[in-house]
Amino acid sequence: MARILLIDDDVNLLQMVKLMLERVGHQVTTSNNGEEGILLAAKSQPDLGIIDVMMPGLSGYDVVRQLRSDPLTARIPIIILTARSQPMDKHMALEAGANAFLSKPVTAQELTDRVDAVMKAGVNYRVHTGLLTEPIGLDEMEDQADQLGAADPRAARDPTASQPVPPEGFPRTHTHPVRTTPVPAPLSDHMPDRPPTSPSPPVPGRTPSDRKPPIGADDIDKIPAAPPPTTPTPPQGLASLRPGGRVPIGADDIAKSSEVAPPPGRPLIVTVISLRGGTGTTTVAVNLAALLASRKRRVCLADMSTSSGQVPLHLRLQPTKNWSQLLTEGDTPDAQSIMQLLVRHPQTGIALLSAPTMPTAQTLSTPATQHTLRELAGTFSHIIVDAPHLDTATVGALRSSAAVVVVMTDDPPAIQATIQLLALLPNLGLETGRVRVVLNHIRPIPDIAPDSIQRMIKRPLTVNLPYDSNQISAMRRGLPLVLVNPDGPFAEQVEQLARTIAM
Amino acid sequence: MQKTGRRTGFLPGEFLTRTYRISGEADLHGEPLLDQLNDLNTLFVQLERMYVSPLLDPATLTGNYEIGNVRKDSIGLVVLSQVEEGLPFRQGKYMGRDTVDNNLLIVAAGFEIQGALRLHRTVNVINFVRTTPEQFIPLFGATATLTARRSVVFKGGAMLVNRDQIEVFCVN
């Protein structure tokens, strides 16, 4: 329950909106003009203000500006509710200091949803249509802090009040109350032990003297970098890709967090999978790999697609070699052969084991995949497998994996495919604790609510990846979105995914 | 689902003249706004809770009046947020079956307006705009950009364009 101040000159509307809000348990105070509303706000210190724009005397914009300029009322979240619903009106409202904008007429559901979203997000966030939230810009925050100084009583009570920190448990980009899973114990405990540098079993037709020495950590530097993309890409380092204010996570940060850092010498294999195409499996795999690579991890991304993998498209690579060249090597491909297939993405340092560019009916056998991943684990600290469907290679990857990330979207076919996959995984020896479910919003308009999805799949969603329209431009640049917009909500959710896998 | 924020019998809209943005609630007197605008027997349309902004600074409120009357032939266009607002919804020529959307660009009252004119498939859109006796015609899903200041853009589910103020119209 919240204390809400409602300011509107239309008395009938005041009563209607008051009833709507009281019905869901809020305590509403009303005022039919701006001057009285400002006095009431200072006196009653409401948790939220809902203000009309078109009022005689002081307009709604004037009221918002005055509330923001008074330290006593500056930190009251405000929703503008108006019949003027043109883009310039919304801009004006947000510029004046409002946190959200609603146009009349409004349904009770729209109103209560927006009220809940703004209350949860707090005064430092704007809530847009579709309940997307964004932090109010740092410049604006600093301006507000300058204006308020130390006189802000709320800031004095709550030292974090003026910082753009999302509220506890509140997803910054999607206000459906998704209960994210608590950070589990590091999954590296589940990592199947790597055979103690045992040589590969003999390959028919190959004598032991032909065997090349096992690949080592130094070999990663020998992986050829992919040729530069045909269109110029900014050749900056990762740090320069991150806009100001946030320093890239480095090795020092990893050392500080025992929860995040994997035990040394225990490579982590993660398979990202979906039984339905178009859910963004490759997007999740590429971004997860890029995030880890930006933390100075040695990352290999294995694209196990048989239908012309999409990873090179995301990274703007044109690999000439792919895993189909291992098909002739039986169940124990040679380590050196595997390494020669890798292509390094110059901007991130990810080593890519590419899929065939043309669709193929053949794929690696389960033992061959397990063997290949074991060999790669000798060189890389993290191996991310992009498995867009279920076949023998995917089964091998799943059996080798410490963690499985199931990617789904919010439409019924994807939910059905996820239910089936979750039922299947225990049969492959993957207990529930090793499986993470990611809801990926591939459309700007959500379909089925995350809460309903959780009920249907009978388990919590690990993260809720928001729709990000920058995805296409990121692909054009050949850079994963987590690097293009490292401070964005998408990157934040990928980071949370990495944290829950204890990477 | 029931919505609030609207008075029964009144329709909120943006009435754009060559100099002003006038937001107000039109008293419908029991008939659709389009019919009222096309009624040749009346010269003015009455608005309640009228708020005025200069067109070049359309988000700033410079005046408000409980009741105002706007001369219909000075209105360039009326912006309605929803498609069905203000239109003869069921029985009108712009609705119903067998209609097709004809995309138009209209230059009128200093605005460049893009939207779809929905007509029966047998009606020629050029002939219709040239010869219809009605003063206002509806464009659906329309966007109006002020030619003198292109940052001023209005969007609406429907815009009622004053045919008397059309300078150019093009069929896409």
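Residue numbers start from 1 in every chain, and the chains themselves are labelled A, B, ... in the order their sequence lines are given, proteins ahead of strands.
Residues A:D47 and A:I76 form no side-chain contact, since every pair of their non-hydrogen atoms from C-beta on lies 4.5 Å or further apart.
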**OP:** Would you please test B:N64 and B:V52 for side chain to side chain contact (heavy atoms under 4.5 Å, CB included) and show each step?
**Re:** CA-CA 6 Å; B:N64 67 278; B:V52 182; over 6 Å; no

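In this structure, the portions of A:M54 lying under 4.5 Å from any heavy atom of chain B include both its backbone and its side chain. Interface residue B:R21: backbone and side-chain heavy atoms are both found under 4.5 Å from chain A. Only the side chain of A:D52 comes within less than 4.5 Å of a heavy atom of chain B; its backbone N, CA, C and O stay farther away.
Between A:K104 and A:D8 there is a salt bridge, since a side-chain N of the basic residue sits under 4.0 Å from a carboxylate O of the acidic one. Ion pair B:E167/B:R18 flagged as a salt bridge, since at least one NZ, NE, NH1 or NH2 atom sits closer than 4.0 Å to an Asp/Glu carboxylate oxygen.
Residues A:S103 and A:S85 approach most closely at CB-CB, 3.2 Å, considering heavy atoms.
The candidate with the highest count of non-hydrogen atom pairs below 4.5 Å against chain B, out of A:M88, A:R84, A:M55, is A:R84.
A:D411 meets the side-chain contact (heavy atoms from CB on, under 4.5 Å) test with A:R276, A:T409, A:P413, A:A414, A:R443, A:D447; sequence neighbours excluded. Taking the side-chain hydrogen bond (donor to acceptor under 3.5 Å, both in side chains) definition, one finds that A:E95 meets it with A:H91, sequence neighbours left out. With sequence neighbours excluded, the residues forming a side-chain hydrogen bond (donor to acceptor under 3.5 Å, both in side chains) with B:R71 are B:D73, listed by chain and number.
For residues 147-155 of chain B, a heavy-atom distance under 4.5 Å to chain A picks out B:V152, B:V153, B:F154, B:K155, given by residue number.
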